[in-house]
Amino acid sequence: MALRAAVARATVAGAAPPSLRRMFSAASANSFVPPPIAAMGNGDGTPGREQSPPSTNLFVSGLNKRTPSEKLREAFSQFGRVVDARVVTDRVSGYSKGFGFVRYATIEEAEKGRVGMDGKFLDGWVIFAEYARPRPERTPPQNMSNSNGYNSYGRE
DNA sequence: CGTGAGCGG
């Protein structure tokens, strides 16, 4: 029964959390209404919240708390080659936090997947995809100069 | 149980 999806949509339309910066009034899974020209904002001096620079890492939010990483990979694989897809889960509770990360092979694919999956439905929930923040994985940019003169920068 | 902001290891 696909009634569960309808319930989920009803919940989103009823709660309307502030996280949804985009109004998706088209709850009907048939009509897809693109948002009109929305004021980008920053006109005077209100930078607000600028997105992160393009990267192969994508930050997916709004996921269902029961959505596995495989589902993420499947959903994003339609737009490009997903190198790595993982849903963030808690260490102690072991349950999903509601968001995940998707890493594409190239930036162009990542952008395609981001625009293609941003505001789409996954497991009956609207997900949001945007570039993940650049963050040190193992070697913090504390010491740029090493004794060897080598730096651990070889990601993107 | 897991509805709901957020950037994993």
Side-chain angles (χ1 to χ4, degrees), chain A residues 1-29 35 38 40-42 46-143 146 150-156:
Chain A
M1 268 113 178
L3 264 296
R4 250 164 68 188
V7 176
R9 275 193 274 101
T11 315
V12 175
S19 311
L20 311 175
R21 40 194 166 227
R22 217 175 264 180
M23 301 300 177
F24 44 92
S25 312
S28 315
M40 271 304 187
N42 64 322
T46 37
R49 193 70 65 85
E50 197 61 30
Q51 253 97 265
S52 306
S55 50
T56 53
N57 262 102
L58 251 58
F59 172 70
V60 187
S61 43
L63 296 174
N64 201 332
K65 300 205 160 181
R66 300 171 258 187
T67 303
S69 312
E70 302 148 1
K71 193 70 189 272
L72 251 184
R73 186 164 196 145
E74 274 190 78
F76 280 78
S77 290
Q78 302 173 95
F79 297 93
R81 294 187 179 272
V82 179
V83 180
D84 186 30
R86 126 166 74 263
V87 174
V88 179
T89 45
D90 191 86
R91 272 293 167 110
V92 293
S93 55
Y95 250 82
S96 316
K97 286 188 182 174
F99 55 91
F101 292 91
V102 177
R103 175 172 287 189
Y104 277 91
T106 56
I107 300 185
E108 39 182 51
E109 284 179 295
E111 184 177 356
K112 210 191 292 188
R114 169 193 139 248
V115 181
M117 288 301 297
D118 185 38
K120 291 303 161 61
F121 289 88
L122 189 59
D123 272 8
W125 284 86
V126 184
I127 67 176
F128 294 99
E130 58 178 75
Y131 299 112
R133 291 176 179 173
R135 54 173 320 234
E137 200 170 273
R138 254 324 170 210
T139 45
Q142 229 165 307
N143 218 352
N146 216 357
Y150 277 100
N151 47 358
S152 304
Y153 289 133
R155 284 289 152 173
E156 286 119 300

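Each chain gets a letter, A, B and so on, in the order its sequence line appears, and its residues count up from 1.
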Visitor: Relative to the 5' end of DNA chain B, which residue comes earlier, A/Gly98 or A/Phe101, by the nucleotide with the nearest heavy atom?
Guide: A/Gly98
Visitor: Ignoring the backbone of A/Ser61, work out which of B/dC7, B/dG9, B/dG6 is nearest its side chain.
Guide: B/dG6
Visitor: Could you tell me which residues satisfy side-chain contact (heavy atoms from CB on, under 4.5 Å) with A/Val83, sequence neighbours excluded, listed by chain and number?
Guide: A/Arg103, A/Ala105
Visitor: If we ignore hydrogens and angles and just use 3.5 Å, is the side chain of A/Tyr104 paired with the main-chain N or O of A/Arg114 as donor and acceptor?
Guide: no
Visitor: With a non-hydrogen cut-off below 4.0 angstrom, is A/Leu58 in contact with a base, only sugar-phosphate, or nothing?
Guide: nothing
Visitor: Rounding to a whole Å, what distance do you find between A/Asn57:CG and B/dG9:P?
Guide: 14 Å
Visitor: Measure the distance from CG on A/Asp90 to C1' on B/dG9 and round it to the nearest whole Å.
Guide: 13 Å
Visitor: From CZ of A/Arg103 over to P of B/dG9, roughly how many Å is that when rounded to an integer?
Guide: 14 Å
Visitor: Looking for any heavy atom pair under 4.0 Å, which part of the strands does A/Arg135 touch: base, sugar-phosphate only, or nothing?
Guide: base
Visitor: Whole angstroms only, please: what is the CZ-P distance between A/Phe99 and B/dG9?
Guide: 8 Å
Visitor: Report the residues that fulfil salt bridge (Lys or Arg N to Asp or Glu O under 4.0 Å) with A/Arg81, sequence neighbours left out, ordered by chain and then residue number.
Guide: none
Visitor: Listed by chain and number, what are the side chain to side chain donor-acceptor pair (under 3.5 Å) partners of A/Glu109, not counting sequence neighbours?
Guide: A/Thr106
Visitor: Heavy atoms, side chains only, cut-off 4.5 Å: are A/Leu58 and A/Val82 in contact?
Guide: no
Visitor: As a test of reading the structure: which of B/dG2, B/dC7, B/dG8 is closest to the side chain of A/Glu130, going by heavy atoms?
Guide: B/dC7
Visitor: Looking at DNA chain B, which of residues 67-82 of chain A put a heavy atom within less than 4.0 Å of it?
Guide: none
Visitor: Please report, rounded to the nearest Å, how far the C1' atom of B/dC7 is from the CG atom of A/Leu63.
Guide: 12 Å
Visitor: Without decimals, in angstroms, what is the distance between A/Arg133 CZ and B/dG6 P?
Guide: 10 Å
Visitor: Side-chain donor-acceptor pairs under 3.5 Å in residues 92-101 of chain A, sequence neighbours left out?
Guide:
residue: A/Ser93; atom: OG; partner: A/Asp90; partner atom: OD2; Å: 3.1
residue: A/Ser96; atom: OG; partner: A/Lys65; partner atom: O; Å: 3.1

Visitor: So, does A/Arg66 get its side chain near the phosphate of B/dG2, meaning an N or O under 4.0 Å from OP1 or OP2?
Guide: no
Visitor: Looking only at the side chain of A/Tyr95 (C-beta and beyond, no hydrogens), which of the listed nucleotides B/dG2, B/dG8, B/dC7 gets closest?
Guide: B/dG2
Visitor: Scan for side chain to side chain donor-acceptor pair (under 3.5 Å) pairs involving residues 69-79 of chain A, sequence neighbours excluded, and state none if there are none.
Guide: A/Lys71-A/Asp123
Visitor: Describe the nucleic acid contact of A/Gly62 in one word from base, sugar-phosphate, nothing, applying a heavy-atom distance below 4.0 Å.
Guide: base
